[in-house]
Structure formats: C-alpha cells, structure tokens
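Here's the structure we're looking at; comments come further down.
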Amino acid sequence: MGATSIKELTSIQLLLIIGALVVLGMLVLAVMADRPARRRPKPEQLRAAARAIAAHAAAVQAEAGRAIAVAAEARVAVAVAERSRNEAWAAQEAAERAYQAAMSAALAGRQELLELAAAQEAEGPPEGAGAGTDGDRERAVSRAALAAYRRGDISVHELREVWRRTGEGDPLQAERERTADRCRMQLSAARRVHDRTAATLRRAEQAARAAEIAAQALKDEARAWAAEAHEALLTSEHYSRRRRR
C-alpha cells in the first residue's frame with residue numbers, strides 16, 4: 001500500500017472518529033437535557049397527597065352545603081319578617097285613618113260647643129235668674145274658661161274638663177273625645193308594633209346576607225381544593241407512567 005493510500009485511509013478514519021464523537025456528544029446532551037433538575041417525587045406519595053387534598057375538599061364541600069342550608073333558612077326568616085312588617089304597616093295605616101276620622105269628629109264637636117258657648121255668652125243670663133245661684137256661678141266659670149282658652153292660657157282638654165265639672169258638657173261630644181283618645185292610643189300601639197317588625201326585618205336581612213357570603217366563600221374554597229386534588233392526581237399518574245417507561 002502506497003503512502004498516498006495510507007494518508008487517505010488515515011483521513012477517512014479521522015473523519016469517522018470525529019463523526020462518532022459528535023454523535024456521542026449529541027446523545028450526552030440529549031440525556032442531560034432530559035434529566036430533571038431535581039429528584040422526581042414518588043407516585044405513591046403524590047397519590048397519598050391527592051387523596052388527602054380530595055378528602056379536605058369533600059369536607060369543605062360538606063361545610064358549604066350546610067352553609068347553603070343556613071342561608072336558605074335565613075332567607076325564609078326574611079320572608080316571614082317582611083310579611084309581618086307589611087301586616088304591621090297595614091294595621092298602622094288603618095289605625096291612622098281611624099284616628100284621623102275620630103279627631104275630625106271631635107274637632108267638629110269642639111267647634112260646635114265653642115259656637116254654642118259664644119252664643120250663650122252673647123245672650124247674657126236668662127231673665128229672672130237669681131244673681132247668686134249655682135247655675136250663675138257655673139256659667140261664669142264656663143265663660144271665664146272660654147275666655148282663657150281664646151287667649152291661649154288653657155288647652156282644649158282643660159276647657160273640656162271645666163265644662164264637664166260645671167255640667168255643661170255634651171255627652172255626644174264626650175263620646176267623640178273618648179273615641180279620639182282610644183284611637184290615638186291604638187295608633188301609638190300600631191306604630192310600636194311596626195317599629196319592632198321593621199327592626200326584626202333589618203336583623204333578618206343582615207343575617208341572611210352574612211350567611212350567603214359565608215356560603216359563597218365555602219363554595220369557592222371547596223371548588224379550589226377540588227381543583228388542587230384533581231391536579232395532584234394527574235401529576236401522580238404522569239409520574240407513574242414515566243416510571244413505567
């Protein structure tokens with residue numbers, strides 16, 4: 001074999017050696033790139049963690065279910081309180097109308113009595129009446145009370161009391177006044193009932209809103225934990241397949 005042939009053979013071998021080294025280097029790089037940066041977790045541990053997360057998610061979901069039931073009961077309480085408030089409002093309006101009607105009748109009666117007293121005052125004492133009789137004194141007291149009422153010194157209730165004591169009260173007007181007083185007390189009672197039912201409704205609405213917020217928070221938390229459990233299960237299955245390969 002000549003020198004030229006030896007040189008050609010040497011060049012071919014050198015190229016083959018270089019090519020083999022390049023291929024080997026590429027294989028080494030591929031293996032190094034495929035190697036994880038840290039130690040792979042065990043699939044058994046991942047499955048155990050997935051089961052624990054799923055159990056916690058189920059517990060939160062159960063708690064969310066109870067919170068939803070509480071919120072539903074709170075909304076029922078709101079409906080009941082609202083119905084009671086509406087009934088109390090209707091009763092208050094009815095009492096208001098009754099009181100207005102009774103007061104209108106009483107005021108009209110008072111005006112009639114005032115006009116009658118004014119007419120009697122203008123007519124003067126009846127003829128033949130004794131100057132010092134009890135009737136004269138009572139009429140004088142009534143006229144003085146009427147004058148004081150007109151000046152604003154006494155109230156209409158005080159004027160009524162004077163007329164009652166002097167025997168000049170009107171039985172029909174007295175009944176009107178009693179009816180007005182009774183209707184006023186009924187109106188006050190109806191207003192107190194309405195105020196209580198309105199306060200109960202406000203508390204029920206606040207409780208319902210708080211229960212609904214708590215239920216929604218638990219639902220969101222349960223959903224998040226369920227997603228974590230599903231992700232952990234997928235990760236465990238992924239590493240299990242890689243281990244088998």
Side-chain angles (χ1 to χ4, degrees), residues 72-211:
E73 292 178 357
R75 274 298 156 191
V76 172
V78 169
V80 172
E82 187 173 10
R83 186 162 53 251
S84 298
R85 192 276 314 271
N86 293 340
E87 292 173 354
W89 175 253
Q92 177 180 322
E93 287 188 324
E96 181 75 32
R97 290 191 297 269
Y99 174 66
Q100 292 297 332
M103 278 303 301
S104 297
L107 290 174
R110 292 174 190 176
Q111 185 62 34
E112 292 175 2
L113 289 177
L114 289 175
E115 292 174 356
L116 177 60
Q120 291 176 351
E121 183 181 7
E123 292 175 358
E127 296 181 0
T133 62
D134 293 340
D136 291 339
R137 285 192 296 271
E138 291 174 353
R139 279 190 292 273
V141 171
S142 298
R143 293 189 187 99
L146 178 60
Y149 170 75
R150 287 174 174 171
R151 291 193 306 269
D153 295 338
I154 62 175
S155 67
V156 67
H157 295 287
E158 292 170 332
L159 178 61
R160 286 167 44 206
E161 183 63 20
V162 171
W163 283 348
R164 187 186 67 79
R165 291 178 181 275
T166 57
E168 295 191 10
D170 184 357
L172 179 59
Q173 178 61 19
E175 179 61 27
R176 292 175 184 148
E177 297 291 348
R178 285 193 296 270
T179 301
D181 291 340
R182 184 171 60 254
C183 289
R184 184 177 63 253
M185 290 186 293
Q186 291 174 349
L187 176 58
S188 299
R191 285 173 176 169
R192 289 193 296 270
V193 172
H194 175 264
D195 291 342
R196 287 196 299 269
T197 55
T200 300
L201 176 58
R202 287 192 297 270
R203 290 192 296 269
E205 288 176 341
Q206 292 171 358
R209 284 193 295 269

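The structure displayed is predicted, hence computed values, not measured ones.
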List for me each residue that meets salt bridge (charged side-chain N to carboxylate O under 4.0 Å, His left out) alongside Arg75, sequence neighbours excluded, and say none if there are none.
->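 Arg75 satisfies salt bridge (charged side-chain N to carboxylate O under 4.0 Å, His left out) with Glu212 only.
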Non-neighbouring partners of Arg192 that pass salt bridge (charged side-chain N to carboxylate O under 4.0 Å, His left out), sequence neighbours left out |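 Partners of Arg192 under the salt bridge (charged side-chain N to carboxylate O under 4.0 Å, His left out) test: none.
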Which residues pass the side chain to side chain contact (heavy atoms under 4.5 Å, CB included) test with [X], not counting sequence neighbours?
| X | answer |
| --- | --- |
| Glu73 | none |
| Ala207 | none |
| Ala91 | none |

Donor-acceptor pairs under 3.5 Å, side chain of residues 76-83 to any protein atom, not counting sequence neighbours: which ones?
none

Could I get the full list of side-chain hydrogen bond (donor to acceptor under 3.5 Å, both in side chains) partners for Gln206, not counting sequence neighbours?
->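 Result, side-chain hydrogen bond (donor to acceptor under 3.5 Å, both in side chains) vs Gln206: none returned.
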With Glu93 via side-chain hydrogen bond (donor to acceptor under 3.5 Å, both in side chains) - residues at least two apart |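 In terms of side-chain hydrogen bond (donor to acceptor under 3.5 Å, both in side chains), with neighbours along the sequence ignored, Glu93 is linked to Trp89.
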Show me the side-chain donor-acceptor pairs of residues 195-202 shorter than 3.5 Å, one per line, residues at least two apart or across chains.
from, atom 1, to, atom 2, distance (Å)
Thr197, OG1, Val193, O, 3.1
Thr197, OG1, His194, O, 2.8
Thr200, OG1, Arg196, O, 2.9
Thr200, OG1, Arg203, NH2, 3.3

Any salt bridge between Arg178 and Asp181, counting N to O under 4.0 Å?
->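 Looking at Asp181 together with Arg178, the answer is no, because their closest N to O distance does not fall below 4.0 Å.
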Would Glu96 and Gln100 count as having a side-chain donor-acceptor pair, cut-off 3.5 Å?
->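 The criterion, which ignores hydrogens and geometry beyond distance, is satisfied for Gln100 and Glu96.
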Smallest separation among heavy atoms of Tyr99 and Cys183, with atom names =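 Smallest heavy-atom distance, with atoms named: CA-CB, 3.7 Å.
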Heavy-atom pair with the smallest gap, counting every atom of Ala180 and Ala106 |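 Closest pair (atom of Ala180, atom of Ala106, distance): CB-CB, 4.2 Å.
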